[in-house]
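Accompanying notes for the structure given below.
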Amino acid sequence: MLTLYGKELPSRLLLGTAHYPSPAVLGEAVRTSGASVLTVSLRRESAGGKNGGQFWSLVQSLGTAVLPNTAGCHSVKDAVMTAHMARDVFGTNWIKLEVIGNHDTLQPDVFELVKAARILSGDGFAVFPYTTDDLVVAERLLDAGCQVLMPWCAPIGSAKGPLNIDALRSLRGHFPDVPLIVDAGIGRPSHAATVMELGYDAVLLNTAVAQAGDPPAMAVAFAKAIEAGRLAWQAGILEPRDMAVPSTPTIGKAVFS
């Protein structure tokens with residue numbers, strides 16, 4: 001069971017809600033995959049008018065935990081204001097904190113991110129920071145009050161999968177008791193299995209599911225890959241070896257003359 005800020009969740013798959021062909025497809029993807037958390041954008045809800053209200057009704061009907069985000073924010077001021085508005089609209093103190101620093105890579109501005117995380121933590125928010133795989137930044141975010149870290153494994157929407165396995169492994173090793181959720185860059189179920197085999201606690205996806213040929217089927221594929229990766233990590237994965245090791249013992253074997 002995955003526990004985030006005291007809330008127990010049955011699934012380790014978190015899904016974004018943007019770019020789906022239709023609300024019906026989104027709903028089917030959530031139901032068939034068993035995803036426990038949906039991320040939602042205040043900007044989409046606010047700009048959608050009547051359609052925004054219908055979207056929010058759909059999300060509520062799915063019975064998942066809701067994780068509003070500060071997508072599109074580029075400053076501490078905008079992120080903090082958006083978070084407070086999201087808490088009023090969605091009725092939750094959970095917030096996925098995004099403070100984007102680069103328009104091309106959508107890499108977070110880690111300096112502003114830490115500042116915003118400290119403010120929001122002090123305001124009673126349960127902050128889920130979208131961050132890089134940098135150890136020092138991770139430490140600063142924990143010091144700022146975050147109890148969960150959400151490092152990327154590649155730029156948002158790139159579908160490249162883990163670009164720096166060593167960095168992800170180091171994060172897991174340095175923070176064994178902190179929930180770590182890979183957010184951004186996952187493109188294939190095998191990518192999700194890989195990060196779960198490193199001991200990560202969950203995966204947040206959007207583009208890889210929403211823009212698949214069959215989003216509900218892809219969501220199920222990811223859910224199974226995440227479960228397989230988690231089970232493999234718990235079972236104890238055999239580490240690579242430099243030399244061949246026979247699986248059949250050579251001592252005591254029959255000798256024919």
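Just so you know, these numbers use all the heavy atoms, side chains as well, and skip hydrogens, waters and symmetry mates. Positions are given from 1 along the sequence.
- Residues passing the ring-ring contact (aromatic ring centres under 6.0 Å, His included) test with H174, sequence neighbours excluded: none.
- Side chain of H74 to backbone of I100: a donor-acceptor contact under 3.5 angstrom is found.
- The aromatic rings of H84 and F125 sit perpendicular to each other, their planes meeting at more than 60°, with 30° as the lower class boundary.
- The distance from atom OG1 of T194 to atom CD1 of I165, rounded to the nearest 0.5 Å, is 6.0 Å.
- At least one donor-acceptor pair under 3.5 Å links the side chain of N93 to the backbone N or O of G124.
- Taking each heavy atom of M218 and A208 in turn, the nearest pair found is CG-O, 3.5 Å.
- Applying the side chain to side chain donor-acceptor pair (under 3.5 Å) test to every pair with at least one member in residues 144-158, sequence neighbours left out, gives no pairs at all.
- With rounding to the nearest 0.5 angstrom, the CG atom of L171 is 9.5 Å from the CD atom of E139.
- Applying the salt bridge (charged side-chain N to carboxylate O under 4.0 Å, His left out) test to R172 and every residue at least two apart in sequence or in another chain returns D201.
- Here the side chains of T3 and P179 are not in contact, with every heavy-atom distance at 4.5 Å or above.
- The minimum heavy-atom distance linking L13 with S11 is given by the pair N-OG, 3.0 Å.
- Not a single donor-acceptor pair under 3.5 Å links the side chain of N164 to the backbone N or O of C153.
- Annotation: side chain of V59 is in contact with side chain of V66 (closest heavy-atom distance under 4.5 Å).
- Shortest non-hydrogen contact noted between A79 and E98 is CB-O, 4.3 Å.
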Tabulate below the donor-acceptor pairs under 3.5 Å that side-chain atoms of residues 27-34 make, not counting sequence neighbours, or state none.
{"unit_1": "T32", "atom_1": "OG1", "unit_2": "E28", "atom_2": "O", "d": "2.8"}
{"unit_1": "T32", "atom_1": "OG1", "unit_2": "A29", "atom_2": "O", "d": "3.4"}
{"unit_1": "S33", "atom_1": "OG", "unit_2": "A29", "atom_2": "O", "d": "2.7"}
{"unit_1": "S33", "atom_1": "OG", "unit_2": "V30", "atom_2": "O", "d": "3.3"}
{"unit_1": "S33", "atom_1": "OG", "unit_2": "A35", "atom_2": "N", "d": "3.4"}

Name the atoms and distances for all side-chain donor-acceptor pairs under 3.5 Å in residues 104-117, with sequence neighbours left out.
{"unit_1": "T105", "atom_1": "OG1", "unit_2": "N102", "atom_2": "OD1", "d": "3.3"}
{"unit_1": "T105", "atom_1": "OG1", "unit_2": "Q107", "atom_2": "N", "d": "3.2"}
{"unit_1": "D109", "atom_1": "OD1", "unit_2": "F111", "atom_2": "N", "d": "3.2"}
{"unit_1": "D109", "atom_1": "OD1", "unit_2": "E112", "atom_2": "N", "d": "3.2"}
{"unit_1": "E112", "atom_1": "OE2", "unit_2": "K115", "atom_2": "NZ", "d": "3.2"}

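- In this structure, OG1 in T70 is found 12.5 Å from CE in M85, a value given to the nearest 0.5 Å.
- The aromatic rings of W56 and F90 stand perpendicular to each other, their planes meeting at an angle above 60°, with 30° marking the opposite boundary.
- Taking 4.5 Å as the limit, every side-chain heavy atom of L204 sits out of range of all side-chain heavy atoms of V182.
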Side-chain donor-acceptor distances from residues 219-245 under 3.5 Å, at least two apart:
none

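- We find the CG-OG distance between L67 and S36 to be 12.5 Å, quoted to the nearest 0.5 Å.
- If you chain together hydrophobic residues whose side chains sit under 4.5 Å apart, L135 and Y130 never meet in one group.
- Formation of a donor-acceptor pair under 3.5 Å by the T131 side chain with backbone atoms of M150 is not found in this model.
- Counting heavy atoms from C-beta on, the side chains of P151 and D183 never come closer than 4.5 Å.
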